[in-house]
Amino acid sequence: MNTIHGRAAAIATGCKVANPRLSVWQVSGDGDGLAIGGNHFIHANRRNIDINMILLNNRIYGLTKGQYSPTSPRGFVSKSSPYGTVEDPFRPAELCFGARGHFFARAVATDAAGTVHILKEAYKHKGTSVCEILQNCVIFNDGCHNSVYDKKERARNAIYVRHGQPLVFGEDNRYGLVQEGFGLRVVEIGKDGITMDDILVHDAHSQDNTLQLKLALMGDGDGFPIALGVIRDVEAPTYDESVTAQIQEVSSQKKYHSFAELLETNDIWEVNG
Ligand SMILES: Cc1ncc(C[n+]2csc(CCOP(=O)(O)OP(=O)(O)O)c2C)c(N)n1
Ligand SMILES: [Mg+2]
């Protein structure tokens, strides 16, 4: 369905509730999903309706020719912010986690294997899945994801996270992440007595999202790599299953099962001409 801008999650929710057998996929931009549709984004995640959201994040309103979006960085110069924005952006993962989201993954549009992997995992996940795809806008925001857009840059600036695997990255997996105090730290394996045993192992299934959120927020010019892959993937009751079960339970207890029966169940009035 091609539907109204900003209402994709509402329409997708309706499709899934009306026909729970469908695998529902919503394709949104950062403007669609996080500006005009921001409210629907958080509530779909909170309800955990079984839909898959593909969030194409080019950090701009592309179609309408270059206005800044809620993911444009502070100071961003655009047609609607000629002197630079004076506001901080949303980070999609933060919004998803804040809304009690249970699945968040990230890929780069030029990385076919990485993108296919997260879409397959989203398909398998029951509940709302958010797949943030970092996408360039060649006309209005060219180069916005340069640090991870080609293979060479990605090898330097990204970390592929896999559930159950140690969080290592860089040439020959030379670097790793360790937990330090309330945060994470990048270490070089083999230096200062650091071994693979010290490296944090990724847990996408942990109910507690603290470390998953830290992974998801890395790489905003903070010296950490950008995390790609499935960052959070936790099972929880879904809205569509619960609402379907509720309808079945309530209707099984009703005395009437059709409109004709309903008419005969309660008071009957006779209307005399
Ligand atoms: C209800 C409504 N409001 C506003 C618009 C105008 N509009 C069309 S696309 C768009 C923003 C697109 O940005 P994004 O969702 O990031 O997609 P992109 O074009 O960057 O891929 C806006 C504001 C519209 N079509 N409908
Ligand atoms: Mg956009």
Side-chain angles (χ1 to χ4, degrees), residues 1-15 24-46 49 51-99 101 103-112 114-116 118-119 122 128-150 153-154 158 216-217 219-221 226-228 231:
M1 286 177 75
N2 206 344
T3 180
I4 187 167
H5 177 62
R7 301 292 173 261
I11 300 289
T13 298
C15 289
V24 177
W25 292 78
Q26 170 196 334
V27 185
S28 284
D30 44 308
D32 180 54
L34 305 180
I36 188 172
N39 191 42
H40 296 296
F41 178 87
I42 55 176
H43 291 294
N45 272 285
R46 177 182 61 80
I49 175 116
I51 58 176
N52 307 287
M53 295 181 174
I54 297 178
L55 191 73
L56 302 170
N57 186 3
N58 56 9
R59 310 190 86 172
I60 190 108
Y61 292 180
L63 186 71
T64 45
K65 301 190 176 180
Q67 297 79 21
Y68 76 92
S69 88
T71 56
S72 303
R74 176 180 275 271
F76 184 71
V77 173
S78 72
K79 292 211 176 129
S80 57
S81 56
Y83 306 111
T85 67
V86 290
E87 54 193 88
D88 286 320
F90 270 149
R91 294 183 285 185
E94 203 167 26
L95 206 57
C96 166
F97 284 28
F103 184 102
F104 183 86
R106 188 186 289 129
V108 180
T110 44
D111 176 9
T115 303
V116 168
I118 67 160
L119 297 184
T128 308
S129 317
V130 178
C131 296
E132 181 189 13
I133 314 281
L134 306 181
Q135 187 191 53
N136 194 26
C137 174
V138 283
I139 308 293
F140 297 108
N141 199 9
D142 198 23
C144 61
H145 298 299
N146 265 359
S147 69
V148 286
Y149 228 56
D150 72 42
E153 289 296 315
R154 230 170 12 253
L217 298 186
D220 229 358
I226 294 179
L228 302 175
I231 294 168

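Because the structure is predicted, anything quoted here is derived from the model rather than measured. Order of listing sets the numbers, starting from 1, for every ligand and every atom in it. Starting from 1, each residue takes its place in the sequence as its number.
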Notebook entry, point to check: Quick one: does T64 get a heavy atom under 4.0 Å from ligand 1?
Noted result: yes
Next item on the list: Check the Mg ion (ligand 2) and write out every protein N, O or S atom at under 2.8 Å, as residue and atom.
Entry: D30 OD1, N58 OD1, I60 O
Checklist line | Taking every non-hydrogen atom, the tightest pair across A158 and V148 | finding: CB-CG1, 3.9 Å
Check: N/O to N/O below 3.5 Å, does that happen between L63 and ligand 1?
Finding: yes
Checklist line | Proximal ligand 1 atoms for G62, defined as those under 4.0 Å from one of its heavy atoms | finding: 18 (P), 19 (O), 20 (O)
Notebook entry, point to check: What atoms of ligand 1 come closer than 4.0 angstrom to any heavy atom of G29?
Noted result: 14 (P), 15 (O), 16 (O), 17 (O)
Check: For ligand 1, which atoms have a heavy atom of I36 less than 4.0 angstrom away?
Finding: 1 (C), 3 (N)
Next item on the list: Flag yes if more than 12 heavy atoms outside K79 fall under 6.0 Å of its NZ atom; otherwise flag no.
Entry: yes
Next item on the list: Measure the distance from atom 5 (C) of ligand 1 to every protein heavy atom, then report the residue, atom name and distance (to 0.1 Å) of the closest one.
Entry: H5 CD2, 3.6 Å
Note to self: For ligand 1, which is the ligand I care about here, please tell me if D30 has any N or O atom under 3.5 Å from one of the ligand's N or O atoms.
What the structure shows: yes
Item checked: Heavy-atom nearest neighbour in the protein, as seen from atom 13 (O) of ligand 1, with distance rounded to 0.1 Å -> Y61 CA, 3.4 Å
Margin query: Quick one: does any side-chain atom of N136 pair with a main-chain N or O of G143 as donor and acceptor, under 3.5 Å?
Written below: yes
Checklist line | Closest heavy-atom pair and its distance - V77, P82 | finding: CG1-O, 3.6 Å
Notebook entry, point to check: For T128 and N45, what are the C-alpha separation, side-chain angles and deciding distance, and is it a side-chain hydrogen bond (donor to acceptor under 3.5 Å, both in side chains)?
Noted result: CA-CA 6 Å; T128 308; N45 272 285; 4.8 Å; no
Note to self: Please check: side-chain N/O of S80 versus main-chain N/O of Y68, any donor-acceptor pairing under 3.5 Å?
What the structure shows: yes
Next item on the list: Taking all non-hydrogen atoms of both residues into account, name the closest pair between R7 and G37 and its distance.
Entry: NH1-CA, 4.4 Å
Notebook entry, point to check: Nearest protein heavy-atom contact for atom 14 (P) of ligand 1: which residue, which atom, what distance?
Noted result: G31 N, 3.5 Å
Notebook entry, point to check: Which is closest to atom 15 (O) of ligand 1 in terms of heavy atoms, D32, I4, T71?
Noted result: D32
Item checked: Heteroatom proximity flag, N58 to ligand 1, N/O under 3.5 Å -> yes
